[in-house]
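Before any comments, here is the structure.
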Amino acid sequence: MSKIDTIIEMIEGLNVLELVELKKKMEEKWGVTAAAPVMAMGAAMPVAAAGDGAAAAAPVEEKTEFDVILKEAGPNKIQVIKVVRELTSLGLKEAKDLVEGAPKPVREGVSKEEAEAAKAKLTEVGAVVEIK
């Protein structure tokens, strides 16, 4: 097994809090950030437009709460209902109504890591999901 495969296997075994700590340490160690490219471009535009560097001194607020929106159930509606129940602790009828009423929020006000995990579970069973 290669070093990269070993590292990936170790990362897969981490919980969310450990992943957040890993991200912070990597940012500190190498002076990089794990921000989404769209956010980085949006943050860079005002700095370039200002020209005098004043905008660079203003802190850019990073979004900390995200909503997971189910856009479409896809071909495996029953599997999507099961995942929705797992993510929300809704009953069968409520989860079915949520899936059939898409687009609807599945999780609201969650961390980026939780939102990404929920999106991964839903897309794995064929749902179309968006994070806002």
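Sequential numbering from 1 along the given sequence is applied to the chain's residues. Note that the structure is predicted; figures quoted are calculated from it, not measured. Hydrogens, waters and symmetry mates are skipped; everything else that's a heavy atom, side chains included, is used.
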Show every donor-acceptor pair shorter than 3.5 Å between a side-chain atom in residues 117-128 and any protein atom, with sequence neighbours excluded, or say none if there are none.
from: K121; atom 1: NZ; to: E86; atom 2: OE2; distance (Å): 2.6
from: T123; atom 1: OG1; to: K119; atom 2: O; distance (Å): 2.9
from: T123; atom 1: OG1; to: A120; atom 2: O; distance (Å): 3.2

Quick one: side chains of residues 7-20, donor-acceptor pairs under 3.5 Å with protein atoms, not counting sequence neighbours, listed by atom name and distance.
from: N15; atom 1: OD1; to: L17; atom 2: N; distance (Å): 3.0
from: N15; atom 1: OD1; to: E18; atom 2: N; distance (Å): 2.8
from: E18; atom 1: OE1; to: N15; atom 2: N; distance (Å): 2.9

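Interatomic distance, OG1 of T88 versus CZ of R107, reported as 8.0 Å (0.5 Å rounding).
Both V83 and L92 are part of a single hydrophobic cluster, where members link through side-chain heavy atoms under 4.5 Å apart. No continuous path of ILVMFWY side-chain contacts below 4.5 Å connects L98 to I69, so the two sit in separate hydrophobic clusters.
Annotation for E116 and I131: closest pair OE2-CD1, 3.7 Å, computed over non-hydrogen atoms. Across G101 and K104, no two heavy atoms sit closer than the pair O-CG, 3.2 Å. Contact record, A95 with R85: CB-CG, 3.3 Å, taken as the closest heavy-atom pair. Here the closest heavy-atom approach between residue A115 and residue F66 is recorded as CB-CB, 3.9 Å.
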Quick one, K24 with E28, criterion salt bridge (charged side-chain N to carboxylate O under 4.0 Å, His left out). Give me CA distance, side-chain angles, the key distance, then yes/no. CA-CA 6 Å; K24 286 180 184 176; E28 291 169 7; over 6 Å; no
Show your working on side-chain contact (heavy atoms from CB on, under 4.5 Å) between L70 and V99 and close with a plain yes or no. CA-CA 7 Å; L70 176 67; V99 170; 4.1 Å; yes
For V68 and V129, run side-chain contact (heavy atoms from CB on, under 4.5 Å): C-alpha distance rounded to whole Å, both residues' side-chain angles, the deciding distance at 0.1 Å, then the answer. CA-CA 7 Å; V68 180; V129 181; 3.5 Å; yes
Report the C-alpha separation of E65 and V110 in whole Å, then their side-chain angles, then the decisive distance to 0.1 Å, and conclude whether the side-chain contact (heavy atoms from CB on, under 4.5 Å) test is met. CA-CA 5 Å; E65 292 186 347; V110 297; over 6 Å; no
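Applying the salt bridge (charged side-chain N to carboxylate O under 4.0 Å, His left out) criterion to D97, with sequence neighbours excluded, gives K93. Under the rule for a salt bridge (charged side-chain N to carboxylate O under 4.0 Å, His left out), K3 has no partner lying at least two apart in sequence or in another chain. For T6, there are no side chain to side chain donor-acceptor pair (under 3.5 Å) partners at least two apart in sequence or on another chain.
For the side-chain hydrogen bond (donor to acceptor under 3.5 Å, both in side chains) condition, the pairs that include at least one residue of residues 72-82, sequence neighbours left out, are K77-E100.
For the pair D67 (side chain) and G109 (backbone), a donor-acceptor distance under 3.5 Å is present.
Partner of E27 under the salt bridge (Lys or Arg N to Asp or Glu O under 4.0 Å) criterion, chosen from K23, K25, K29: K23.
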